[in-house]
**Student:** 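The structure is given below, and queries will be raised subsequently.
These values consider heavy atoms only, across backbone and side chains, with no hydrogens, waters or symmetry-generated copies. Protein chains get the first letters and strands the later ones, always in sequence-line order, with residue 1 at the start of each. Every value quoted in this text rests on a predicted model; they were computed, and no experiment measured them.
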Amino acid sequence: MRSTIQSALALTLLAAPLLAGDGRLAIRAGKIITQAGEAIIDGTIVIENGRITAVGAEVEVPWDVEVLDATHLTAFPGFVEAHGNRGMDRPNENIDVAPFLNIRDSIDPVNFYFEDSLRWGVTTINVQQGASCVIGGQGMVVKPFGMTVEEMLVRPASGIKLSASPKSGKSRATQAQALRKAFTELEHYLAGLVQKQKDGDDSARREALYQGRDLDSEEAREGRAQAGSAAWTVADLELIPRGEIDEKQAPLLDLVEGRIPAWFYCGAPMDVRVALEVARKNGFLAQTTLVLASSCWKAADEIAEAGVPVVLSAALMHIERDPVTGEEIETFVPKVFKEKGVRYALASSNQSTQSLWFQAASCVAQGMSRAEALAAVTTVPADILGLGKRVGSLEKGKDGNVLLLSGDPLSVTSFVEYVVLEGSTVYDRSKDVRMRHLLEGETPEGTAPAGSEEPKVHEHEDEVVTEEEPVDAGEDKE
Amino acid sequence: MLILSLALASLAPASKPLAPVSEVFAIRAEQLHLADGTVLENGLVLVDGDTIAAVGSGVSVPAGAALVEHAGHLTTGLIALGEHAGGSGELRDSTRTVLAGGRLAHAFAPGHSQLEALLAEGITSLVLAPSAGSLSAGCTAVVKSAGDTVVSERAQLHIGLSSASLLSNRRPTSYSGALRDLEALLSSAHGDFGAAARGELPVLIEARSRHEVQRAVAFVAEHKLRGAISGAPLAGELAADIAAAGLSVISDPRSPGASQRSIDALLSLAEAGVPFGFKLASPARHANTLRMGVALCVRRGLSPATALRSLTVDAARIAGVDERIGALATGRDADLVLWSGHPTDLTSSVKAVLIDGQLVYGEL
Amino acid sequence: MIPTLLLTLATAANLAPVTGTQDDERTRWSIHAEKIYAAPGELIENGSVRVDAGKITRLGSGGGGDISVYAITAGLVDASVRIHEDRLSVEESSEIQPALRVADTLDPFSHLWQRQLRSGVTTVMVSPLDRNVVGGLSVVLKTGGPENIAARTVAVDAALCGAIGSSPSRGNHAVYGLPTDFFSRRPTTRMGVEWEWRRAFYDAALAQRHGAELDEDARGLLQVLAGVRPLFIQAWATQDIRTAAFFVEEMAREDFGQIRLIVDAAAEAWKEPAFLVRTGAGVVLPPFPHNGRSGPDRAFTAWSSAAQLHAAGIPLALSSHGAQSPADRLDRQAGYAMRGGLPFDAALAAVTLTPARMLGVDESVGSIAVGKDADLVLWNGEPFAATSRAVGVLLEGRLIVDPREEN
Amino acid sequence: MSRRSTFNRVAPNRVALAALAALSIIAAPAGAEPATRTAPDDGDPAAESSEQYLINAGRVIVRPGEVLENVRILVRGGSIAALGRDVEAPEGIEEISGAVVCAGFIDPWSALGVDAGSLRDQRTEPATRTADAIDVHGQRHLRREALRAGVVAARVQAGGLARVGGVGAVVRLNPDLSAAEALVLPDAVLAMSVGLSRGGGAMDVFDRQGEVDRVRGALDSGLAYRQNEVEYRYDLEEWEKAMAEKEADLEKDFKKAKKDRDKGLAKAEEDDKEFKEKKYKEDKKPRKPSFDSNKAALARAAHGELPLVVQVHRAAELRELLKATAGVDRLRLVLAGATEAESVAETLVERRVSVLVAPSLARSDARDEWAGADLGLAGRLEQAGVEVLLGSGGETPDLTRDLPLLAASAVGHGLEREAAFEALTIGAARSLDVADQLGTVEVGKSADILVLDGAPLLGTTSVQYVFSAGRLVVTPQN
């Protein structure tokens with residue numbers, strides 16, 4: 001517990017004096033990479049009450065706006081993490097089907113993950129439940145700064161987590177059975193409600209006839225329970241007001257009606273078939289994003305045909321042993337999805353130096369274009385999250401999230417010097433105790449001795465993103 | 001089916017072993033398999049006591065000798081080059097890593113219940129080899145599946161260079177330590193190791209993965225030993241080096257489901273002309289893996305003649321007892337097996353088995 | 001319809017690029033690059049390298065090329081690699097094993113060699129694990145070529161290797177009553193490990209001084225004292241690096257001989273570089289941990305340690321030290337070192353020439369010069385940048401990884 | 001695809017049929033004139049494929065006992081389009097010739113192509129579907145090897161060792177098919193097991209007996225479930241008829257009732273008493289039985305729509321199981337393993353229960369219940385008149401390739417070669433209800449056939465060509 005207090009102390013220490021500005025700031029940067037067209041040399045970004053009001057070479061700065069001189073730095077829109085399940089101590093619920101849960105009850109604002117994301121320039125994070133579930137709870141999009149969850153909030157309901165990969169104790173057969181059962185039980189539950197409602201109306205009518213009463217015309221039932229064309233509908237569901245549906249089943253009904261996004265985790269290529277089939281059969285394929293382990297590139301054709309976007313695992317290089325010859329086959333996963341025309345976003349590894357910048361740089365190293373690589377960590381995840389109009393690039397009207405880097409965002413030698421969130425400067429590297437300790441090794445006096453309190457990096461049993469060491473083909477052991 | 005010219009049927013039923021057929025008798029079979037792989041149509045084998053007196057199509061049956069006609073195939077007994085039946089678990093002294101002068105023959109228990117299953121599969125001789133777990137467990141022995149005949153008490157000197165021979169709490173614990181200790185034993189030039197160093201006694205070197213095989217071949221070449229590599233499933237992928245060092249291979253049995261690569265490795269051994277034979281993984285209940293392993297190779301293209309040779313002539317040569325067993329030839333022991341079809345064809349069954357001229361299984 | 005189909009098939013066939021097959025044997029290449037980092041501090045712009053029969057035959061500006069890439073460097077050299085058969089590569093029956101060769105325990109068929117080669121590492125030294133005090137003789141070999149350790153060896157018995165710290169004593173237990181197995185023995189502490197080092201070298205040196213009969217182990221130690229081969233000591237923490245330095249100075253003080261010391265996996269060398277400068281020792285850094293801590297003794301490696309050691313003038317080599325994930329490859333280590341402030345030329349030296357010198361093989365590998373082995377790495381961008389990788393690798397003139405097959 | 005015809009096999013007179021069939025293969029008499037039969041156009045081939053081939057066969061084994069001489073077979077659209085002497089070859093068709101053509105072998109007890117976790121899962125339920133655990137991307141080399149050995153299809157089962165293994169599927173082993181194309185029949189059998197030592201060593205006799213009772217209990221719950229449904233539907237009709245009549249009367253007397261009520265209301269107002277409505281009573285609507293997917297699956301098995309495969313080995317359990325299932329008359333029982341089945345052979349023959357034997361090489365690591373199973377078991381059962389099927393045992397995926405060799409060694413230990421060939425083709429197809437597509441070489445059936453250079457299962461015979469769903473997947477070259 002001590003580590004979180006220590007890092008929280010460091011966080012507030014460095015942020016307090018800077019919060020004075022009320023979301024109004026002008027940044028003069030040597031170079032602005034807007035991610036929406038050409039880069040601007042020696043430009044200015046004006047942010048008023050948290051929104052960018054102007055970006056450009058010659059921009060008129062209002063007289064009363066504080067100016068941040070970053071002419072020696074490069075401005076860049078913050079990185080966007082399309083899906084992550086870190087930032088809380090227990091990411092998984094052991095009930096199989098729990099769509100009524102919400103992530104806001106378990107996000108820990110002072111968790112080391114948020115401090116580290118800020119340090120490496122990730123400004124928008126979609127936090128979802130872990131993958132060891134059948135149907136998990138609802139996630140939310142946050143920014144990695146703020147003392148309470150409300151302060152961190154960017155968008156409350158960012159979708160429900162489902163998993164086609166077996167939860168601990170299940171196998172793929174029983175996992176698929178549980179997934180289907182959840183939706184058939186929903187259908188039977190709704191049909192039962194409608195039938196009970198209809199039977200009630202019939203016997204009320206007969207009673208009125210028997211008693212010689214005129215049945216007054218029922219007041220119109222408000223709140224249609226069933227809207228839009230779902231893959232399956234229960235006849236006359238409009239008889240049931242939305243409020244009457246059990247709160248355990250209501251989120252599933254939202255899902256089936258396509259009102260909230262779905263994040264479907266696939267741990268192996270065969271899971272993709274089950275995930276797409278369950279989503280298609282229950283009408284939420286259009287709202288589905290697949291969260292893939294690196295071996296799922298083998299199912300790229302099925303994914304391209306279904307036309308759903310994907311979030312890739314942090315292990316971008318899938319290494320596999322040929323079962324017959326035993327030699328290693330390396331497949332660079334993003335390249336496969338690029339060739340198949342599938343929209344993909346990258347995910348950061350829990351090794352803190354391999355944040356989103358490193359993943360994008362690896363794509364360029366493998367021969368993909370800089371534009372494609374940068375888009376996969378900014379504009380594409382923003383679109384997938386439905387926040388295309390707020391984050392992902394530096395344009396007029398968008399949130400005032402700006403990174404100021406010492407060099408090219410994809411270079412190993414450049415550092416994030418400042419981070420501006422909605423117009424307020426929330427991170428300054430010169431005041432970052434941990435970064436100086438890691439870099440130079442010595443720690444300024446008055447702070448915890450070096451390295452005694454290293455925060456433990458969280459290993460979640462389902463999505464531990466170390467290199468998936470391929471099982472030895474055992475060619476010698478017969 | 002079987003024309004009985006003499007009242008052999010009255011003999012005791014097959015299950016009681018060691019019933020003597022009669023002093024001199026002959027068996028004529030439609031297909032008779034000779035050592036060099038050729039097949040004699042309507043060939044005849046004349047047996048006198050416990051050895052083969054004559055083999056050929058024109059052999060005359062002496063007066064008073066019984067003649068058995070067999071509509072099927074006749075071969076010599078099959079040989080399994082590694083077997084624990086009859087030893088019942090005493091085949092490795094775990095107190096010392098090197099048991100100088102150890103003799104597996106002393107662990108042989110004739111008439112052991114597990115040997116019967118071998119007869120049902122036409123296996124008449126087997127090599128008692130130690131299980132893994134020591135640097136050298138002494139000399140292997142060649143024994144018969146029925147009766148108490150010990151063909152050879154000192155067939156091969158066992159040397160362990162596989163990961164299973166190196167234990168983590170006993171010297172040597174590594175390959176380099178093992179090589180150092182073996183060199184010391186060979187240079188001491190007395191006892192079995194001296195005989196092996198002089199090339200008199202063939203060695204049986206245990207190796208599992210390919211780098212262990214490579215290390216064993218280099219060791220043999222350096223000390224000019226002769227003998228066989230035992231156990232490596234993929235030894236065939238180093239067939240050229242093995243052939244150059246003049247070694248042969250005692251291969252693990254290939255049970256159903258064996259990887260195609262390990263089967264193809266045996267085929268490349270055959271192409272490189274390296275003699276190879278099969279051992280049985282564990283006691284009698286595995287006796288039928290010998291023919292199944294060979295059938296797997298025949299399906300992948302190994303010629304049935306080579307396959308049969310690997311169970312008879314080559315196996316005898318690897319065990320160093322090819323002047324006693326392994327072929328239908330005058331002077332050899334009278335170990336005969338009568339089959340309904342070609343022995344490497346799984347659909348054919350064993351009709352009768354004779355060891356040292358005695359009927360030990362089935363009936364004639 | 002049929003004839004046209006056959007026509008297109010035929011034309012397509014001969015347009016297909018020359019695939020790798022018949023190139024595997026080809027050993028004459030000329031490769032053009034915008035930048036050739038021939039050696040640390042020696043850059044040739046827009047030049048080409050010609051190789052023939054496994055050696056570099058021409059290097060200079062201009063000249064065409066079968067292949068052209070952005071940059072070429074020499075094959076990378078990793079002085080501390082762990083491709084072992086685990087415990088079967090270490091003779092634990094006694095703590096001092098100066099005569100045993102790690103080369104006798106390696107597996108040429110392991111897939112890990114290919115993984116090193118694909119990342120651009122062409123020459124490596126495999127030293128014994130740190131389970132013994134004195135582990136034995138290491139071997140320097142190429143990561144490709146025929147699947148046979150002897151055929152790949154560049155230098156036999158390149159160095160004597162050992163370890164100081166807590167790892168050699170782990171697993172030993174004190175002798176209470178009857179010893180159960182040979183692990184009930186000394187050393188059980190760091191002090192015990194240090195004592196074993198001094199006892200082994202004192203016994204050997206004094207036996208030689210008094211003319212006593214020397215066994216194989218003693219001869220191995222004496223060769224190190226005579227400087228025939230360097231002594232690689234694995235020491236992660238500061239206290240262990242200091243102990244190694246004091247030990248070398250003591251041997252000189254007793255004039256048993258001048259040991260050429262190289263501290264392997266010297267994670268905390270940045271804390272007290274003075275000892276290393278005093279004894280003229282070289283340093284091999286372990287991979288940069290992401291949160292500072294690494295190794296058996298939780299040693300702390302600052303990201304700027306490479307820059308600090310370079311500034312102190314200590315011969316510096318980087319290593320992947322057996323890390324398996326692609327993110328910790330040797331060229332990535334050079335990138336992390338540059339993030340800590342190490343200049344590019346020093347980073348290039350730390351993964352090519354300096355380790356080659358430490359292993360004594362710098363006359364054949366470690367830089368691009370006429371006459372040296374044709375081990376080259378072809379890059380699709382600035383070497384060691386996060387946005388570039390080794391798209392092509394030549395080992396002794398044979399093209400192992402072909403840049404033309406990339407897209 | 002309605003295929004649930006419960007057929008009744010006339011108990012073949014073992015010896016006579018075998019002799020006739022053996023003669024026809026070896027002696028090759030002139031053979032009846034093969035009538036040329038062409039497939040009706042509208043037959044929907046199992047898997048649409050554009051490839052077409054013409055096979056010139058020296059001998060075609062249509063089914064065990066029926067052989068045609070030098071015949072030509074046209075394979076088109078995934079099925080056998082024409083078969084006969086004068087089948088004309090469309091222009092440009094690829095022609096193949098071979099000595100013997102027969103149906104592809106089927107492994108009714110396989111583990112090939114199923115996710116390993118589902119194979120070992122012991123918590124599967126009757127409704128668990130193995131079709132969800134088909135891994136199209138894995139074990140491709142094992143499936144190619146199986147095809148090369150002549151095995152074209154297999155029944156795969158999740159929960160192979162579980163007390164209730166769920167619904168097994170029949171799949172084609174061609175690795176190039178998608179999951180949907182590979183599935184010949186997603187719900188082929190219901191699997192259970194009795195008295196196995198599931199990882200925890202041998203069970204004591206009372207637990208084993210408990211498991212037999214549990215099988216009967218499961219079947220009873222299935223029967224009861226179906227019975228409740230039928231009764232509910234009957235009661236509902238009755239109730240609705242009664243309600244309709246009642247409503248008609250109420251409609252008729254409404255005016256009178258209204259008058260009485262108005263009078264009553266006025267009177268109550270007069271005496272200032274509270275007016276009491278007439279008490280209306282009607283009999284309750286029958287309750288709809290709640291949906292239970294597990295009981296529905298058990299009902300299908302109990303009514304013979306799904307064959308029930310029970311893995312059982314010891315004589316005691318065999319006896320008890322046969323006694324317990326005697327009452328369920330439409331049950332189609334198949335016993336798997338049945339190591340000590342000789343002791344109950346007469347009951348098996350009399351009740352036409354077939355036995356699925358896994359010829360085993362008596363592995364030393366075999367579990368307790370397998371002790372004593374040897375290669376001769378199949379032969380002895382067949383001599384006793386029991387219909388024998390041959391499977392590879394369903395524990396490791398690589399055994400399926402060697403099923404033909406295991407069958408050959410069963411023949412070498414006493415099984416008729418004819419019976420072995422039937423067990424691998426039409427016998428397996430019939431017991432898995434896929435006889436309409438696989439198992440024989442007939443017009444209209446799916447083209448899953450082999451071209452051999454000799455009689456099937458002989459050691460000297462090798463497989464030349466293999467067709468899977470009309471696609472040529474194995475040729476002598478590949």
**Student:** Which heavy atom of Ala302(C) sits nearest to which heavy atom of Leu439(A), and what is that distance?
**Tutor:** CB-O, 3.7 Å
**Student:** Could you please spell out the steps behind the side-chain contact (heavy atoms from CB on, under 4.5 Å) verdict for Phe358(A) and Arg332(C)?
**Tutor:** CA-CA 11 Å; Phe358(A) 180 87; Arg332(C) 283 272 160 76; 3.4 Å; yes
**Student:** Does any backbone or side-chain atom of Gln354(A) lie under 4.5 Å from a heavy atom of chain C? Answer side chain, backbone, both or neither.
**Tutor:** side chain
**Student:** Could you pull out the closest heavy-atom pair between Leu438(A) and Asn291(C), with the gap in Å?
**Tutor:** CD2-C, 3.9 Å
**Student:** With rounding to the nearest 0.5 Å, note down the distance linking CG in Asp322(A) to NE2 in His111(C).
**Tutor:** 13.0 Å
**Student:** Which pair of heavy atoms, one from Val364(A) and one from Asn380(C), lies closest together, and at what distance?
**Tutor:** O-ND2, 4.4 Å
**Student:** Can you tell me which portion of Gln308(C) sits under 4.5 Å from chain A's heavy atoms? Options are side chain, backbone, both or neither.
**Tutor:** side chain
**Student:** Which one wins on heavy-atom pair count under 4.5 Å against chain A: Trp379(C), Tyr336(C), Phe384(C)?
**Tutor:** Tyr336(C)
**Student:** Kindly give the heavy-atom pair with the smallest separation between Trp357(A) and Ala386(C), and that separation in Å.
**Tutor:** CZ3-CB, 3.9 Å
**Student:** Identify the heavy atoms of Met435(A) and Trp303(C) that sit nearest to each other, and give their distance.
**Tutor:** SD-CZ3, 3.8 Å
**Student:** Identify the two heavy atoms, one from Glu440(A) and one from Ser304(C), that lie closest to each other, and give their separation to 0.1 Å.
**Tutor:** CA-OG, 3.6 Å
**Student:** Please say whether more than 12 non-hydrogen atoms of neighbouring residues, nucleotides or ligands are located less than 6.0 Å from NZ in Lys31(A).
**Tutor:** no
**Student:** Using modelled atom types and a 3.5 Å cut-off, is there a donor and acceptor pairing between side-chain atoms of Thr353(A) and backbone atoms of His290(C)?
**Tutor:** no
**Student:** Is there a side-chain contact (heavy atoms from CB on, under 4.5 Å) between Glu328(A) and Arg115(C)? Walk through the geometry before answering.
**Tutor:** CA-CA 8 Å; Glu328(A) 281 198 330; Arg115(C) 189 182 282 187; 2.5 Å; yes
**Student:** Atom OG of Ser411(A) and atom CE of Met338(C): how far apart are they, to the nearest 0.5 Å?
**Tutor:** 7.5 Å
